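The next block holds one structure in the form of structure tokens; read it before the comments.
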Amino acid sequence: MAEEKYKIVVFGAFGAGKTTLIQTLDPQAKHIEAECAGGTTTIALDYGRVQIGDKRVYLYGTPGQERFEFAREIIGKGMDGAILLVDATSPVDEFVEHLHTAITGEKIPFVVFINKCDAVGARPGPVQAHFTGAGTKIVSAKDRRRAREELEGFIGTLRPHQAEKKI
Ligand SMILES: Nc1nc2c(ncn2[C@@H]2O[C@H](COP(=O)(O)OP(=O)(O)O)[C@@H](O)[C@H]2O)c(=O)[nH]1
Ligand SMILES: [Mg+2]
């Protein structure tokens, strides 16, 4: 049987735990950073791969800052599913709401991972209540077993990647 491929993009605010999550799921994940605007700001990309049976999952983490809308659009192209990673130690803010609206507009399957649930002061309840209607999963990006379990669950709901036309 041919191997199925999945492109999954992890969205989330700066500090939500995107790099940690992808690194936990794939210890060989790549983290790329580039300085922009004369070193005043940094743009970052995470890339990892996870094998689930005969399913190959490609994980991309996008820059969290508002000003990198274009980067999110490019990285998000052709994704088969999205993970919205939300920090349970701080209230859902306008930026996370903006990401949620943008993902919903793409009409692709997505799941909300409520992160940092291991941390003192984590309050997953209000985040869960905020995202009623979407699937929410309680995770810790530092807990490999839980993170992988939830990723597997999400992948199981998706259709594999369809080859796109070449330019
Ligand atoms: N306690 C706890 N800390 C976390 C978790 N995930 C990320 N962090 C911490 O949160 C900070 C930001 O994480 P990072 O992965 O760099 O966030 P990013 O900006 O979304 O890539 C780091 O200090 C991480 O160690 C988690 O699940 N639990
Ligand atoms: Mg990061």
Side-chain angles (χ1 to χ4, degrees), residues 6-50 52 57-77 79-104 106 108-131 134-155:
Y6 296 83
K7 174 176 178 177
I8 304 300
V9 181
V10 182
F11 296 89
F14 182 77
K18 301 178 295 296
T19 300
T20 308
L21 178 70
I22 294 175
Q23 200 74 45
T24 296
L25 288 166
D26 174 11
Q28 308 212 321
K30 301 284 182 287
H31 176 74
I32 302 152
E33 273 187 16
E35 279 192 355
C36 304
T40 54
T41 187
T42 313
I43 186 168
L45 170 75
D46 300 290
Y47 170 71
R49 289 181 304 182
V50 178
I52 302 171
V57 181
Y58 298 87
L59 294 168
Y60 293 83
T62 67
Q65 296 92 331
E66 282 88 340
R67 68 192 96 172
F68 295 127
E69 199 83 38
F70 71 97
R72 276 194 297 276
E73 277 176 25
I74 292 165
I75 295 160
K77 242 186 166 44
M79 62 185 157
D80 304 299
I83 295 172
L84 178 59
L85 194 63
V86 181
D87 184 345
T89 65
S90 59
V92 174
D93 63 11
E94 246 177 62
F95 180 63
V96 174
E97 197 38 60
H98 161 78
L99 286 176
H100 180 219
T101 306
I103 294 168
T104 310
E106 292 296 320
I108 47 122
F110 78 97
V111 64
V112 179
F113 276 14
I114 305 175
N115 194 31
K116 304 195 188 179
C117 289
D118 63 291
V120 181
R123 296 186 66 222
V127 184
Q128 246 167 344
H130 187 94
F131 291 105
T136 53
K137 304 289 175 195
I138 289 182
V139 302
S140 162
K142 298 194 169 187
D143 180 344
R144 183 169 187 274
R145 199 179 58 80
R146 286 281 304 137
R148 202 183 145 99
E149 229 171 64
E150 295 301 354
L151 177 70
E152 283 188 25
F154 179 51
I155 296 298

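As the structure lists them, so they are numbered: ligands from 1, and atoms in each ligand from 1. Note that the coordinates shown come from a computational prediction; the quantities given were computed from them, not determined experimentally.
Shortest contact from atom 10 (O) of ligand 1 to any protein heavy atom: Lys116 NZ, 3.1 Å. The protein heavy-atom contact nearest to atom 16 (O) of ligand 1 is Thr19 CB, 4.2 Å. Looking only at protein heavy atoms, the nearest one to atom 6 (N) of ligand 1 is Asn115 ND2, 3.2 Å. Closest protein heavy atom to atom 27 (O) of ligand 1: Ala141 N, 2.8 Å. Ranking the protein heavy atoms by distance from atom 28 (N) of ligand 1 puts Asp118 OD1, 2.7 Å first. Taking atom 17 (O) of ligand 1 as the reference point, the nearest protein heavy-atom neighbour is Gly17 N, 3.0 Å. Shortest contact from atom 12 (C) of ligand 1 to any protein heavy atom: Gly15 O, 3.6 Å. Here the protein heavy atom with the shortest distance to atom 24 (C) of ligand 1 is Thr20 OG1, 3.7 Å.
With salt bridges taken as basic N to acidic carboxylate O contacts below 4.0 Å, one links Arg148 and Glu152. Classification of Lys116 and Asp87 as a salt-bridged pair holds, one side-chain N sitting under 4.0 Å from a carboxylate O.
In the vicinity of Ala16, heavy-atom distances shorter than 4.0 Å reach the ligand 1 atoms 17 (O), 20 (O). Residue-ligand proximity, Ala13 to ligand 1, at heavy-atom distances under 4.0 Å covers atoms 20 (O).
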* **Stepwise side-chain contact (heavy atoms from CB on, under 4.5 Å) check, Met79 with Ile108** => CA-CA 8 Å; Met79 62 185 157; Ile108 47 122; 3.7 Å; yes
* **Ile22 vs Val10, side-chain contact (heavy atoms from CB on, under 4.5 Å): CA-CA, chis, key distance, verdict** => CA-CA 9 Å; Ile22 294 175; Val10 182; 4.0 Å; yes
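Atom 4 (C) of ligand 1 is flagged as protein-proximal [any protein heavy atom, distance under 4.0 Å].
Across Ser140 and Asp118, no two heavy atoms sit closer than the pair OG-OD1, 2.9 Å. Residues Lys7 and Lys77 share a closest heavy-atom pair of NZ-O, 2.7 Å.
Side-chain contact annotation: Glu33 with His31, donor-acceptor N/O pair under 3.5 Å present.
Residue-to-ligand polar distances keep Asp46 apart from ligand 1: every N/O pair is separated by 3.5 Å or more. Taking distance alone, with nitrogen or oxygen atoms compared against 3.5 Å, Ala119 stays at or beyond that limit from ligand 1.
Geometrically, Lys18 does not engage Phe11 in a cation-pi contact, judged by NZ or CZ lying under 6.0 Å from the ring centre and within 45° of the ring axis.
Among the backbone and side-chain atoms of Thr20, no N/O/S atom is found under 2.8 Å from the Mg ion (ligand 2).
Other residues, nucleotides and ligands contribute only 12 or fewer heavy atoms inside 6.0 Å of the NZ atom of Lys137.
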